[in-house]
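Report on one structure; see the data block that follows.
Just so you know, these numbers come straight off a predicted model, no measurement behind them.
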Amino acid sequence: LRYASAELKSDREIVVEAAKQNGRALQYASAGLVGDWVIWMAAVQQKGDALWQAPAELKGDREIVMEAVKQNGRALEFASAELKGDREIVIAAVAQDSFALNYTSSPSLKTGGLKSYLEGVMSTTFNVSKHTFIATILFAAKATPPPDEESGGEDKASSSSSSSSSSSSSGRSSSGR
């Protein structure tokens, strides 16, 4: 977009496609497209920190900021003060990059509230108790054994019968290895 003609820099479709390729391309768009919500959404989905150059009203748009921090948690730095204190947005930002916690405007999240904050992440993200979540993960890990590397994921019964019938003096099956 940098080297495009003034006509192309004013073409909404061209600018949207440019933003999908490089979120920072909007710095070269025509002034008439600066506040276009669709263009900014495309930009922050591609590069969250493109939020730094967005107009103030879009830095305060919850959907734009949420998409930006999902792509790059540190984009929280460029959000409006109000959204820097929005618990859900801060959770999304910190889930993407823990450093984003430095940009929150919420003192309770920044200083001393980390334990309750992380408990909020657990309940918001998984909507189950911590114990239920851990038990589910452990149960799933026990229930699904890793595939046998030698057999390439075959179950042991079929691989042992085929290897015993095709064993050579070296003790290896003739599987083409």
Side-chain angles (χ1 to χ4, degrees), residues 1-138 140-141:
L1 199 57
R2 177 187 227 174
Y3 302 108
S5 68
E7 181 183 344
L8 293 177
K9 289 179 181 182
S10 298
D11 185 311
R12 187 171 190 256
E13 286 183 62
I14 297 288
V15 175
V16 168
E17 289 305 315
K20 288 178 181 178
Q21 297 297 313
N22 182 349
R24 292 189 172 181
L26 293 185
Q27 63 188 315
Y28 305 110
S30 74
L33 296 175
V34 168
D36 190 297
W37 191 91
V38 172
I39 292 173
W40 281 102
M41 181 58 81
V44 299
Q45 286 175 331
Q46 193 280 325
K47 189 156 188 69
D49 67 356
L51 189 62
W52 74 271
Q53 60 190 9
E57 65 270 9
L58 293 176
K59 289 180 179 183
D61 183 284
R62 195 167 198 291
E63 287 181 78
I64 294 280
V65 172
M66 181 61 84
E67 287 301 316
V69 300
K70 284 179 179 178
Q71 199 285 322
N72 181 343
R74 294 183 186 208
L76 184 63
E77 176 181 8
F78 310 113
S80 68
E82 178 186 350
L83 293 180
K84 284 181 180 180
D86 183 294
R87 184 176 177 83
E88 190 177 342
I89 287 178
V90 173
I91 288 170
V94 172
Q96 201 287 320
D97 185 338
S98 62
F99 190 81
L101 190 58
N102 292 308
Y103 300 121
T104 184
S105 63
S106 171
S108 66
L109 293 177
K110 202 175 219 179
T111 57
L114 191 57
K115 181 178 179 188
S116 63
Y117 173 78
L118 292 175
E119 289 172 350
V121 169
M122 291 291 288
S123 67
T124 300
T125 304
F126 303 109
N127 203 22
V128 296
S129 74
K130 177 173 57 175
H131 301 293
T132 303
F133 175 75
I134 292 170
T136 303
I137 297 299
L138 292 174

What pairs with D97 under side-chain hydrogen bond (donor to acceptor under 3.5 Å, both in side chains), at least two apart in sequence or on another chain? R74
Do V65 and V44 come close enough that some side-chain heavy atom pair is under 4.5 Å? no
Taking atom CD of E67 and atom CG of N72, what is their separation to the nearest 0.5 Å? 13.0 Å
Option among N102, D86, I89 that satisfies the side-chain contact (heavy atoms from CB on, under 4.5 Å) test with L76: I89
Would you tabulate the side-chain donor-acceptor contacts of residues 47-60 under 3.5 Å, counting partners in other chains and residues two or more places apart, or write 'none'?
| from | atom 1 | to | atom 2 | distance (Å) |
| --- | --- | --- | --- | --- |
| D49 | OD2 | R24 | NH2 | 2.8 |
| K59 | NZ | W52 | O | 3.0 |

Could I get the full list of ring-ring contact (aromatic ring centres under 6.0 Å, His included) partners for Y28, not counting sequence neighbours? none
Pairs flagged by salt bridge (Lys or Arg N to Asp or Glu O under 4.0 Å) wherever residues 7-17 is involved - sequence neighbours left out: R12-D36, E17-K20
Residues which pass side chain to side chain contact (heavy atoms under 4.5 Å, CB included) with S10, listed by chain and number, not counting sequence neighbours: S30
Taking atom CD of Q21 as the centre, report whether more than 12 heavy atoms of other residues, nucleotides or ligands fall under 6.0 Å from it. no
Looking at A29 and V15, what are the two nearest heavy atoms and their distance? CB-CG1, 3.9 Å
For side chain to side chain contact (heavy atoms under 4.5 Å, CB included), just list the numbers for V69 and V90, CA-CA rounded to whole Å, side-chain angles, deciding distance to a tenth of an Å, and then say yes or no. CA-CA 8 Å; V69 300; V90 173; over 6 Å; no
Side chain to side chain contact (heavy atoms under 4.5 Å, CB included) against Q71, all qualifying residues, sequence neighbours excluded: none
Are the side chain of Q46 and the backbone N or O of G23 linked by a donor-acceptor pair below 3.5 Å? yes
